[in-house]
Trainee: 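Quick one: structure below, then a few questions.
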Amino acid sequence: NFQKSVLVPLDVEDDVVVDLALIWQCSIGSMPFTYLGLPMGTTRPTMTDLMPMVDKVEHKLSSSLCLMDQGSKLTLLNSLITSLMIYPMCTVKLLPKLIEHLDKLRRRCLWRRKTENGETSNSLAAWNLVCRPKKHGGLGVLDIKIQNMALLLKFLHSFYNKKDIPWCNLIWSTYYEEVIPHTAEPCGSFWWRHVLKLTPIYHGISKVVVNHGDNVLMWKDLWLEDTLADSHPRAFSFARNEDISVQQFLTITSLDVAFHLPLSMQAHDEVRNIQHLVAHVTLDNGLNIKDVWSYSWGTTEYTARRFYKFCFRDVKAHKTYRWLWKSKVTVKIKVFGWLLLSDRLNTRDILKRRHYNVGDDLSCLLCGHAQEDVDHMILNCPFSKQCWSRLGMNPEQHTMRLSWLETAKKNWNKPMFMETFLQASWSIWKERNDKLFRHINPSYNSWLARFKTDFGLLQYRVKENMKDFIFLLLDSLPSD
């Protein structure tokens, strides 16, 4: 349908443009223009150009957010708000200011709540902790900066593996016919220059299997067990060309062409060792077999998901976080459990640490004695101990939550341990809040009634063979 199309001329005479527009019966446009919501032009998009994306995000942050629980907000954030950014992140490198602004909106989505003084958005946890994957101790919110890199690195994967794609063929034939890409000065469009800035990261996660060797650096690329510049530094110091390709080096027949002579004894030994290492390398003899780049996670296929997970490989978290996210409780209870495990619940102790004006009385609202922190309120408080004892769990005095959970699970010998712990803890938390906001004294019967109601609803979220256990557990709990 040409009537809905726009003709955007590039280096074309005006009369030719008019004639073409008449033939196709379409309107005439100019650069820059918008395509699929993104600005298309020859210059880097500015903050103003990308503001429509920000407006879309803000539009989704409706006033009804204040009526949602934190589990619903997390679901909205991951499924809708963050997904709006995926397409732009696949295409362009987002500006740092834009990422900062988007993160501000996402924090507002997750933490905003309504108070007597209006809406507030006080974060309960550091944003870098929230953006960790769930099994690494976070809430699983996508880190925009890392995801943006992960998606753009797909272009370098296609480029270095010389995929038969028009843009790859164009860039190779235009800029890199006789030069290795990562030794040349940045060139091309703003988009390609931004992608090239990720080259050090790409080479940091990849290793190349040499077949042709014309675009692999002999000394600086990882094509053996280690980069030769690092494993053979003395020989490297005598090299005439630090950026020589593997193909060029292996076709050299004279030592003085590759190295400054005379060599030191140590350099001579390293050169002999290099000759031994490359003796098995056979280059492509006209068969047009390309070099193959493989990645640190053990495959030759690059995916943004694998790179994203790789970035968090060194982040360790207690095994209870995995139990938390595998449990069958609702997302609201899972977020509560995450705050509990991470010591981010708004107890009096943590409110004082955050410099809230809570006065000098930091005593537990359930028992009125010890200072109220997460470990005391959930496990060590006399009221909490009474609740746990009825469930067959008996925390010792001064128990720490993570270590106790690990021990308690071993002693449980029944299914649905984490579900039982989370629902019981939630009921204790509600008893505490009733005391604070409604001035209702905590009682075991009130806790039990709430626990039975909430835990009983899990019958609709578990498999058939677990339903009998739910009924048996609830029937075994006596009231006072």
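It should be emphasised that the depicted structure is a prediction, and the values quoted were computed from it without experimental measurement.
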Trainee: Got a sec, which pairs hit side-chain hydrogen bond (donor to acceptor under 3.5 Å, both in side chains) with one end in residues 65-77, sequence neighbours left out?
Mentor: Asp69-Ser72

Trainee: Measuring centre to centre across the rings, with the benzene-like ring taken for any Trp, is Phe155 within less than 6.0 Å of His194?
Mentor: no

Trainee: Partners of Tyr356 by side chain to side chain donor-acceptor pair (under 3.5 Å), sequence neighbours excluded?
Mentor: Asn122

Trainee: Apply side chain to side chain donor-acceptor pair (under 3.5 Å) to Glu372 and list each qualifying residue two or more places apart in sequence or on a separate chain.
Mentor: Arg432

Trainee: Any chance the rings of Tyr176 and His182 have centres within less than 6.0 Å?
Mentor: no

Trainee: Ion pair present between Arg353 and Asp343, side-chain N to carboxylate O less than 4.0 angstrom?
Mentor: yes

Trainee: Taking NZ, NE, NH1 and NH2 as the nitrogens, is one of them in Arg461 or Glu419 under 4.0 Å from a carboxylate oxygen of the other?
Mentor: no

Trainee: Could you tell me whether Asp103 and Arg106 have a side-chain N and a carboxylate O separated by less than 4.0 Å?
Mentor: yes

Trainee: Is the shortest side-chain heavy-atom distance between Cys168 and Lys162 below 4.5 Å?
Mentor: no

Trainee: Report, as yes or no, whether the 6.0 Å neighbourhood of atom NZ on Lys452 holds more than 12 heavy atoms from other residues, nucleotides or ligands.
Mentor: yes

Trainee: Using 30° and 60° as the class limits, which term best fits the ring planes of His157 and Tyr295: parallel, tilted or perpendicular?
Mentor: tilted

Trainee: Assess whether side chain to side chain contact (heavy atoms under 4.5 Å, CB included) is satisfied between Leu366 and Met377, documenting all intermediate values.
Mentor: CA-CA 7 Å; Leu366 295 172; Met377 179 188 65; 4.0 Å; yes

Trainee: Quick check on the 6.0 Å ring-centre criterion: do Trp388 and Phe383 meet it?
Mentor: no

Trainee: Can you tell me which residue pairs pass the salt bridge (charged side-chain N to carboxylate O under 4.0 Å, His left out) test with a partner in residues 438-447, sequence neighbours excluded?
Mentor: Asp434-Arg438

Trainee: Check the pair Asn215 / Tyr160 against side chain to side chain contact (heavy atoms under 4.5 Å, CB included), numbers first and verdict last.
Mentor: CA-CA 8 Å; Asn215 288 297; Tyr160 276 105; 5.8 Å; no

Trainee: For Asp164, look at atom CG and say whether over 12 heavy atoms of other residues, nucleotides or ligands are found less than 6.0 Å away.
Mentor: no

Trainee: Should we say atom NZ of Lys319 is surrounded by more than 12 heavy atoms from elsewhere, each under 6.0 Å from it?
Mentor: no

Trainee: Run the ring-centre check on Trp412 versus Phe421 and record whether the distance is less than 6.0 Å.
Mentor: no

Trainee: Quick check against the 3.5 Å criterion: does Lys93 have a side-chain atom that pairs as donor or acceptor with the backbone of Met149?
Mentor: no

Trainee: Side chains of Lys309 and Pro133: closer than 4.5 Å at any heavy-atom pair?
Mentor: no

Trainee: Before you tell me yes or no, could you show the steps for Met416 and Phe455 under side chain to side chain contact (heavy atoms under 4.5 Å, CB included), namely the whole-Å CA-CA distance, both residues' side-chain angles and the distance that decides it to 0.1 Å?
Mentor: CA-CA 10 Å; Met416 299 185 68; Phe455 196 77; 4.0 Å; yes

Trainee: Between His203 and Trp293, how do the two ring planes meet: parallel, tilted or perpendicular, split at 30° and 60°?
Mentor: perpendicular

Trainee: Output, in order, the C-alpha distance, side-chain angles, deciding distance and verdict of side chain to side chain donor-acceptor pair (under 3.5 Å) for Asp361 and Ser363.
Mentor: CA-CA 6 Å; Asp361 183 12; Ser363 60; 2.7 Å; yes

Trainee: Tell me, please, whether Trp223 has Lys207 positioned over its six-membered ring: NZ or CZ under 6.0 Å from the ring centre and within 45 degrees of its axis?
Mentor: no

Trainee: What's the separation between atom NZ in Lys56 and atom CD1 in Ile81, rounded to the nearest 0.5 Å?
Mentor: 12.5 Å

Trainee: Contact between Leu95 and Ile99 at the side-chain level, heavy atoms closer than 4.5 Å - yes or no?
Mentor: no

Trainee: Taking the six-membered ring for Trp, are the ring centroids of Tyr444 and Phe451 within less than 6.0 Å of each other?
Mentor: no

Trainee: Heavy-atom count around Arg132 CZ within 6.0 Å, excluding the residue itself: above 12?
Mentor: yes

Trainee: Nearest 0.5 Å, what's the CH2-CZ distance between Trp297 and Arg306?
Mentor: 8.0 Å

Trainee: Report yes or no: is the cationic atom of Arg305 (NZ for Lys, CZ for Arg) under 6.0 Å from the centre of the six-membered ring of Tyr308, at an angle within 45° of the ring normal?
Mentor: no

Trainee: Suppose we call two aromatic rings close when their centres sit under 6.0 Å apart. Are Trp191 and Trp167 close by that rule?
Mentor: yes

Trainee: Can you check side chain to side chain contact (heavy atoms under 4.5 Å, CB included) on Leu365 and Arg348, steps first, answer last?
Mentor: CA-CA 9 Å; Leu365 286 163; Arg348 286 183 163 183; 3.4 Å; yes

Trainee: Taking the side chain as every heavy atom from C-beta outward, state whether Met418 and Lys326 have any atom pair closer than 4.5 Å.
Mentor: no

Trainee: Which residues pass the side chain to side chain contact (heavy atoms under 4.5 Å, CB included) test with Pro39, not counting sequence neighbours?
Mentor: Pro45, Asp49, Leu50

Trainee: Output all residues satisfying side chain to side chain donor-acceptor pair (under 3.5 Å) with Thr227, sequence neighbours left out; order by chain, then residue number.
Mentor: Asp230

Trainee: Could you tell me if the side chain of Arg193 sits less than 4.5 Å from the side chain of Pro186, heavy atoms only?
Mentor: yes

Trainee: Which distance, rounded to the nearest 0.5 Å, do you find between the CH2 of Trp429 and the CG of Leu422?
Mentor: 14.5 Å

